[in-house]
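Within every chain, numbering begins at 1; the chains are lettered A, B, ... in the order of the sequence lines, protein sequences first and strands thereafter.
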2 protein chains.
Amino acid sequence: MSSKTVRPGLKSDQQPEKSLDLRALRRTPGFMLRLAQLKFFEGFYEEFAALGLTPATYAIFAVIRDNPGVPPSSLASLLRLRLPNLIKILNELESSGFIKRNRSKADRRAVELMLTPKGAKLIAEGARLTEPYNEKMLALLSAAEQRTLLELLNRLLPL
Amino acid sequence: MSSKTVRPGLKSDQQPEKSLDLRALRRTPGFMLRLAQLKFFEGFYEEFAALGLTPATYAIFAVIRDNPGVPPSSLASLLRLRLPNLIKILNELESSGFIKRNRSKADRRAVELMLTPKGAKLIAEGARLTEPYNEKMLALLSAAEQRTLLELLNRLLPL
DNA sequence: TATTGTTATACTCTATAACTATA
DNA sequence: TATAGTTATAGAGTATAACAATA
């Protein structure tokens, strides 16, 4: 993976602001979700920097791994990426040798995405970092609470 | 507020992808948090489009309302915005007459942010939309589950 | 004509560097 | 010298329009 994808992220040395009334924002799920997502993404860049994986490429690799032959259009709608933006990422991943594009024989407009052995190796290495990464991000919650949070998010989002 | 801040968002007519193995992503909190945040932000733009409020300006207004005199630096670190990016938003809000900047008498480098009556009126109108908006976004969860989700997010994030 | 993939491109968001004025 | 605010600007993410190939 190219190293330019590794971002610095916000400095983590900033302690929570004191003596401000934040009750309104704390009761705002959308705001709290944004902060939570920032926390996870910043932690991701630190944890997976060595592999050059970003949240987007990690998800792309995982879906292709579990669904070989998935077309770009399905991948885009699933990951909530616009097709042209996904195509740009796929172009980089293909020219770097991580994925392969096959034309479908049934419908020659359609493209079937596959991991190359190099791509399969990369996502396998990434998968080994996933458990400790999630544990670090969720460390402030008990094991039961972690399961509850994940379950509530899944019910909130009809995937 | 300027109408250019109203964004279309993703089409909501896309039904969840069927017959794909998404178990890995469903067990990935970071990915689910991203989807949840997208859902809330897209819903926000629809709900608050008439007022011209964005998630960012809503949060800015709410913090200044509850903490009159708060300096831009505190606001930036609280909302996880870089100071230069916040300044650009504050410039627009001030030239539109929603906020006011005062120089601190104790330290003339410091700026104290206040809402104008026009700004106070706008966030008050926004606040009236907040309850039904949150209820719509969280409709797939029971009232108890909604409270649990919010509590878990708060514990995850030491504000 | 409609659909899949793709390119080109514009816009928004987010980042760093450098400047000012005060301390 | 250090800090708060600001400006300028570059980079990443995300949006639409238009096109080619195929159905």
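- Residues that satisfy the side-chain hydrogen bond (donor to acceptor under 3.5 Å, both in side chains) test with Glu47(B), not counting sequence neighbours, are Lys136(B).
- When the P atom of dT9(C) is taken as reference, atom CD1 of Ile87(A) falls 18 Å away, rounded to whole Å.
- For dT3(C), neither phosphate oxygen OP1 nor OP2 lies less than 4.0 angstrom from any side-chain nitrogen or oxygen of Ser73(A).
- In this structure, the salt bridge (charged side-chain N to carboxylate O under 4.0 Å, His left out) partners of Arg23(A), at least two apart in sequence or on a different chain, are Asp21(A).
- Rounding to whole angstrom units, CG of residue Asn102(A) and P of dT4(C) are separated by 18 Å.
- With hydrogens and angles left out, the side chain of Lys88(B) and the base of dT12(C) share no donor-acceptor pair within 3.5 Å.
- Residues passing the salt bridge (charged side-chain N to carboxylate O under 4.0 Å, His left out) test with Arg27(A), sequence neighbours excluded: none.
- Considering only residues two or more places apart in sequence or on other chains, Glu112(B) meets the salt bridge (charged side-chain N to carboxylate O under 4.0 Å, His left out) condition with none of them.
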Might you list the N or O atoms of the protein lying below 3.5 Å from N or O atoms in nucleotides 21-23 of chain D, with each pair's distance?
unit_1, atom_1, unit_2, atom_2, d
dT22(D), OP1, Arg108(A), NH2, 3.1
dA23(D), OP1, Arg108(A), N, 3.0

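- Atom CG in Leu86(B) sits about 11 Å away from atom P in dT14(C), given to the nearest Å.
- Leu113(A) and Pro71(A) get closest at one heavy-atom pair: CD1-C, 4.3 Å.
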Residues 116-125 of chain B, side-chain donor-acceptor partners within the protein, below 3.5 Å, at least two apart:
unit_1, atom_1, unit_2, atom_2, d
Thr116(B), OG1, Gly97(B), O, 2.6
Thr116(B), OG1, Phe98(B), O, 3.1
Thr116(B), OG1, Lys118(B), N, 3.4
Thr116(B), OG1, Gly119(B), N, 3.0
Lys118(B), NZ, Ser96(B), O, 2.7
Lys121(B), NZ, Glu125(B), OE2, 3.2

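- Within a heavy-atom distance below 4.0 Å of DNA chain D, no residue of residues 62-71 of chain A is found.
- Distance CG (Asn85(B)) to P (dA15(C)): 7 Å, rounded to an integer number of Å.
- For residues 126-159 of chain B, the set of pairs meeting the ring pair (Phe, Tyr, Trp, His ring centres under 6.0 Å) definition, not counting sequence neighbours, comprises Phe44(B)-Tyr133(B), Phe48(B)-Tyr133(B).
- Distance, Ile60(B) CD1 to dC13(C) P: 11 Å, rounded to whole Å.
- Look at CD on Glu92(B): it is 9 Å from P on dC13(C), rounded to the nearest Å.
- Following rounding to the nearest Å, Arg82(A) (CZ) and dG13(D) (P) show an atom-to-atom distance of 17 Å.
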Report, one pair per line, the protein and nucleotides 17-20 of chain D atoms (nitrogen or oxygen only) whose separation is under 3.5 Å.
none

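- Between Arg80(B) and dT14(C) there is no side-chain N or O to OP1 or OP2 distance below 4.0 Å.
- In this structure, Phe40(B) has no ring pair (Phe, Tyr, Trp, His ring centres under 6.0 Å) partners at least two apart in sequence or on a different chain.
- Evaluation of the ring pair (Phe, Tyr, Trp, His ring centres under 6.0 Å) rule for Phe31(A) yields no partner, not counting sequence neighbours.
- Across all their heavy atoms, Gly43(B) and Met137(B) have their closest contact at CA-CE, 3.9 Å.
- When distances run from any side-chain atom of Arg34(A) to the nucleotides dG5(C), dT14(C), dT14(D), the shortest one goes to dT14(C).
- Salt-bridge check for Lys100(B) with Glu94(B): failed, with every basic side-chain N at 4.0 Å or more from each acidic carboxylate O.
- Across the protein-nucleic acid pair, Leu83(B) atom CG and dT3(D) atom C1' stand 11 Å apart, rounded to whole Å.
- Proximity of Arg101(A) to the phosphate of dG5(C): no side-chain N or O atom is located under 4.0 Å from OP1 or OP2.
- The salt bridge (charged side-chain N to carboxylate O under 4.0 Å, His left out) check on Asp107(B) picks up Arg109(B), with sequence neighbours excluded.
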